[in-house]
Participant: 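Once you've had a glance at the structure underneath, I'll fire off some questions.
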Amino acid sequence: MNISLQKAVESDAELIFDMQVRAFLPLLEKYRDYDTSPANETVEQVRARISQPQSSYYLILTDGQLAGAIRVLWREEGRYWISPVFILPEYQGRGLAQRTIERIWELYPEAASWQLATLLEEARNCYLYEKMGFVRTGEQKRLNERATLVFYQKVCSS
């Protein structure tokens, strides 16, 4: 299964929005985190993120088919943030998220560190990030009685 990343442009906002809703809707229904779930955002919010000069969105393609998207945001020099990253349900469990993040690391070799957040209750996500070298920062944010965001960081070796 080949994977490629295609930089998104503003006209991709509807496409990204539709995929984002499909990918995150099961989690929204499970955790009811209406204020923070990407499934509850608007297409205007996606469009605004695509237009931000300090970030880039990428469409994830596998064997030429759209499988998800990832956004990279750069903060202070060398500090990068991934949010969101998502794989469509029919492509999950095939290693695409891991290969996508590895590809992103190749695109940004100047990164001193990478950060992201995920739901603590989603053990598969936590396992993936920890397997990839991310470490919990100790910061957590309780979203509601069902869900807690846990924050991760990976420091890059020079």
Side-chain angles (χ1 to χ4, degrees), residues 3 5 8 10 12-52 54-60 62 65-76 78-105 108 111-156:
I3 185 170
L5 301 179
E10 196 171 328
D12 293 321
E14 288 269 351
L15 179 62
I16 292 171
F17 171 75
D18 290 342
M19 288 192 302
Q20 180 173 294
V21 170
R22 283 182 52 209
F24 284 102
L25 191 57
L27 296 176
L28 176 62
E29 291 170 346
K30 182 176 181 180
Y31 298 110
R32 300 181 187 166
D33 56 327
Y34 299 106
D35 293 335
T36 57
S37 174
N40 221 24
E41 292 181 348
T42 65
V43 70
E44 289 78 23
Q45 287 171 294
V46 173
R47 188 173 287 112
R49 283 195 201 104
I50 291 171
S51 300
Q52 285 179 331
Q54 72 276 17
S55 74
S56 289
Y57 245 114
Y58 298 89
L59 299 171
I60 303 166
T62 180
Q65 300 297 309
L66 279 172
I70 186 170
R71 178 175 168 250
V72 175
L73 173 71
W74 40 95
R75 295 187 170 171
E76 298 94 46
R79 283 188 50 208
Y80 289 75
W81 179 265
I82 296 172
S83 178
V85 57
F86 58 88
I87 304 297
L88 290 171
E90 61 268 29
Y91 291 100
Q92 291 176 6
R94 300 182 188 181
L96 293 178
Q98 179 174 339
R99 283 187 275 165
T100 296
I101 293 170
E102 290 168 349
R103 185 72 48 88
I104 288 294
W105 291 343
Y108 297 91
S113 68
W114 289 94
Q115 296 173 310
L116 53 79
T118 193
L119 291 173
L120 177 63
E121 295 77 10
E122 288 298 304
R124 285 179 53 198
N125 290 356
C126 294
Y127 173 77
L128 166 67
Y129 299 134
E130 290 168 15
K131 180 174 84 166
M132 295 186 75
F134 285 88
V135 177
R136 292 184 189 190
T137 66
E139 181 183 355
Q140 294 190 118
K141 180 181 178 185
R142 188 96 171 132
L143 301 177
N144 60 31
E145 68 282 349
R146 298 169 188 252
T148 302
L149 270 182
V150 61
F151 294 81
Y152 282 92
Q153 177 172 304
K154 177 180 172 59
V155 176
C156 302

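Because only heavy atoms are used, hydrogens play no part in the values below, and waters and symmetry mates are left out as well, while side chains stay in.
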Participant: Would you confirm whether R103, through its side chain, and I3, through its main-chain N or O, come within 3.5 Å as a donor-acceptor pair?
Facilitator: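 Indeed, once roles are kept as given, a pair shorter than 3.5 Å links the two residues.
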Participant: Considering only heavy atoms from C-beta outward, does the side chain of L143 approach that of Y31 to under 4.5 Å?
Facilitator: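 L143 does not reach Y31 side chain to side chain.
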Participant: Which label fits W81 and F151: parallel for a plane angle under 30°, tilted from 30 to 60°, or perpendicular past 60°?
Facilitator: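 Rings of W81 and F151: tilted, 30 to 60°.
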Participant: Any heavy-atom pair between the side chains of Q115 and E139 that's under 4.5 Å?
Facilitator: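 Heavy-atom side-chain distance check fails, nothing below 4.5 Å.
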Participant: For R79 and S113, which I'm curious about, is there any donor-acceptor pair between the side chains at under 3.5 Å?
Facilitator: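 Short answer, no.
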Participant: How close do S55 and R71 get, counting heavy atoms only, and between which atoms?
Facilitator: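 Heavy-atom minimum between the residues: OG-NE, 3.4 Å.
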Participant: Which heavy atom of V155 sits nearest to which heavy atom of Q153, and what is that distance?
Facilitator: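 Closest approach of V155 to Q153, heavy atoms only: CG2-NE2, 3.3 Å.
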Participant: Does the side chain of Y129 come within less than 4.5 Å of T118's, by heavy atoms?
Facilitator: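 Yes, their side chains come closer than 4.5 Å.
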Participant: Hey, does D12 have a side-chain heavy atom less than 4.5 Å from the side chain of Y58?
Facilitator: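 Side-chain contact under 4.5 Å: no.
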Participant: Atom CD1 in I16, atom CD1 in I60: separation rounded to 0.5 Å?
Facilitator: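 That separation rounds to 10.0 Å.
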Participant: Where do A69 and M19 come nearest, in terms of heavy atoms and distance?
Facilitator: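 Looking at all heavy atoms of both residues, the closest pair is CB-CE, 4.4 Å.
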Participant: Carefully, step by step, assess Y91 and T62 under the rule side-chain contact (heavy atoms from CB on, under 4.5 Å).
Facilitator: CA-CA 9 Å; Y91 291 100; T62 180; 3.6 Å; yes
Participant: Can you tell me how far the CD1 atom of I87 sits from the CD1 atom of I70, to the nearest 0.5 Å?
Facilitator: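 Taking CD1 in I87 and CD1 in I70, the distance rounds to 8.0 Å.
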Participant: Check whether any side-chain heavy atom of R22 lies under 4.5 Å from a side-chain heavy atom of E90, and answer yes or no.
Facilitator: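 They are in contact (side-chain heavy atoms under 4.5 Å apart), so the answer is yes.
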Participant: Would a 4.5 Å heavy-atom cut-off, applied to side chains only, mark P84 and Y57 as touching?
Facilitator: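 Yes, at least one pair of side-chain atoms sits under 4.5 Å.
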Participant: To check you understand the geometry: which heavy-atom pair defines the closest contact between N40 and Y34, and what is its length?
Facilitator: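 Distance-wise, the nearest heavy atoms are ND2-O, 2.7 Å.
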Participant: side-chain contact (heavy atoms from CB on, under 4.5 Å) for Q98 and M132? Distances and angles first, verdict last.
Facilitator: CA-CA 8 Å; Q98 179 174 339; M132 295 186 75; 3.8 Å; yes
Participant: Rounded to the nearest 0.5 Å, what's the gap from CZ on F17 to CD on E14? Could you check?
Facilitator: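 Between F17 CZ and E14 CD, I get 7.5 Å after rounding to 0.5 Å.
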Participant: Could you go step by step and tell me if V72 and W114 meet the side-chain contact (heavy atoms from CB on, under 4.5 Å) rule?
Facilitator: CA-CA 9 Å; V72 175; W114 289 94; 3.8 Å; yes
Participant: Taking it one step at a time, do E145 and R142 satisfy side-chain contact (heavy atoms from CB on, under 4.5 Å)?
Facilitator: CA-CA 8 Å; E145 68 282 349; R142 188 96 171 132; 4.2 Å; yes
Participant: Are any of the side-chain heavy atoms of L119 and T148 separated by less than 4.5 Å?
Facilitator: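 L119 vs T148: side chains apart.
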Participant: For the backbone of R47 and the side chain of S51, can you confirm whether one donor and one acceptor N or O come within less than 3.5 Å of each other?
Facilitator: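 Answer holds: yes.
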Participant: For P26, is there any backbone N or O sitting under 3.5 Å from a side-chain donor or acceptor partner on E29?
Facilitator: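 No; judged by distance alone, with no hydrogens or angles, the pair does not exist.
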Participant: Between the main-chain N or O of R32 and the side-chain N or O of N144, is there a donor-acceptor pair closer than 3.5 Å?
Facilitator: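 Such a contact is found between N144 side chain and R32 backbone.
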Participant: Side chains of L116 and V85, heavy atoms from C-beta outward: is any pair under 4.5 Å?
Facilitator: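 L116 vs V85: side chains apart.
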Participant: Short question: side chain of Q54, backbone of L73 - any donor-acceptor pair under 3.5 Å?
Facilitator: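 Not a single qualifying donor-acceptor pair exists.
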Participant: Where does the angle between the aromatic ring planes of W74 and Y108 fall among parallel (under 30°), tilted (30 to 60°) and perpendicular (over 60°)?
Facilitator: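 Taking Y108 first and then W74, their aromatic rings sit tilted (interplane angle of 30° to 60°).
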Participant: Taking E130 first and then R136, would you say they form a salt bridge - that is, a charged N and a carboxylate O separated by under 4.0 Å?
Facilitator: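 Salt bridge between E130 and R136, a charged N being under 4.0 Å from a carboxylate O: yes.
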